[in-house]
Amino acid sequence: MKNFFESFTQLIFPNLCICCKGYLSSQEKYVCDLCNYNLSLFELNELINNNLRAKFWGLLPLYDCLAYLIFKKDNEVQKIMHEIKYNGNKELCYEMGLVLGKFISSHRNTIDVDFIIPVPLHKNRENQRGFNQAEILANGVSRIIRVPVLTDGIRRSVDNKSQTSKNRFERNKNTDKIFSLPNSAVLEGKHVLLLDDVITTGATILSCGQILLTVKNLRLSVAALAVTN
Ligand SMILES: [Zn+2]
């Protein structure tokens with residue numbers, strides 16, 4: 001019965017691929033198979049010493065550092081992120097979390113993390129959008145790699161508006177005091193996977209990572225759905 005209703009609504013409101021705007025088959029969800037196949041992948045061949053890790057060299061000692069996709073102006077990945085952030089497509093965000101989780105488990109079977117901590121949004125921003133995309137992604141990843149998400153692992157106490165006009169050093173200084181660790185005791189001696197949707201300058205990951213590394217014997221890994229190149 002459910003299938004009948006699904007096919008019926010699809011006849012009236014056909015689902016379109018958010019990347020190419022082509023019709024989706026009943027097996028496809030949000031992104032068609034062809035667009036999925038053509039997503040720009042991030043350096044699959046250089047998993048360990050990739051240039052994402054290089055962003056943090058000398059600044060953040062990382063156990064592992066990975067990203068699945070490349071975010072470029074007008075590419076399919078940008079369209080996916082736009083749909084998530086500006087059209088509030090929470091289901092697509094969760095689907096991408098599952099995809100990232102599968103990527104992590106197939107390429108990183110040695111990653112033995114205890115918690116996934118999503119990069120927090122300030123509550124005001126989260127209320128505006130209705131959700132924190134890093135947290136929804138984390139829920140998808142968690143479902144696949146079977147590691148719990150610590151949603152309040154890091155708290156953002158200042159709603160810093162745009163940081164794009166500042167240089168890397170100023171940005172770093174600016175983000176220094178905006179994060180806090182409300183649950184630092186549970187993190188002692190643990191391996192934490194810090195997760196964000198897109199890494200651009202790396203300033204936010206750097207600030208969150210630096211504060212996490214103040215916890216005794218914490219090991220840190222970083223993952224993102226996408227990275228700008
Ligand atoms: Zn498509």
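As the structure lists them, so they are numbered: ligands from 1, and atoms in each ligand from 1.
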> Around Arg143, counting heavy atoms of other residues, nucleotides and ligands shown, do more than 12 lie under 6.0 Å from its CZ?
Replying inline: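 Result for CZ/Arg143: open.
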>> Suppose we only count N/O/S atoms under 2.8 Å; would Cys19 qualify as near the Zn ion (ligand 1)?
In response: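 No, since none of the N, O or S atoms of Cys19 sits under 2.8 Å from the Zn ion (ligand 1).
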> Is the backbone N or O of Lys72 less than 3.5 Å from a side-chain atom of Asn75, with the two atoms forming a donor-acceptor pair by type?
Replying inline: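 It does hold such a pair.
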> For Ala134, does its backbone N or O pair with a side-chain atom of Asn132 as donor and acceptor, under 3.5 Å?
Replying inline: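 Yes; judged by distance alone, with no hydrogens or angles, the pair exists.
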> What angle sits at the Zn ion (ligand 1) between SG of Cys20 and SG of Cys32, to 10°?
Replying inline: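 Once rounded, the angle between the two atoms at the Zn ion (ligand 1) is 110°.
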> At the Zn ion (ligand 1), what is the angle formed between atom SG of Cys17 and atom SG of Cys35, rounded to the nearest 10°?
Replying inline: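 Here the angle at the metal atom is close to 110°, to 10°.
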> Should the pair His191 and Tyr63 be assigned to parallel (<30°), tilted (30 to 60°) or perpendicular (>60°) ring geometry?
Replying inline: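 Aromatic pair His191/Tyr63 classed perpendicular.
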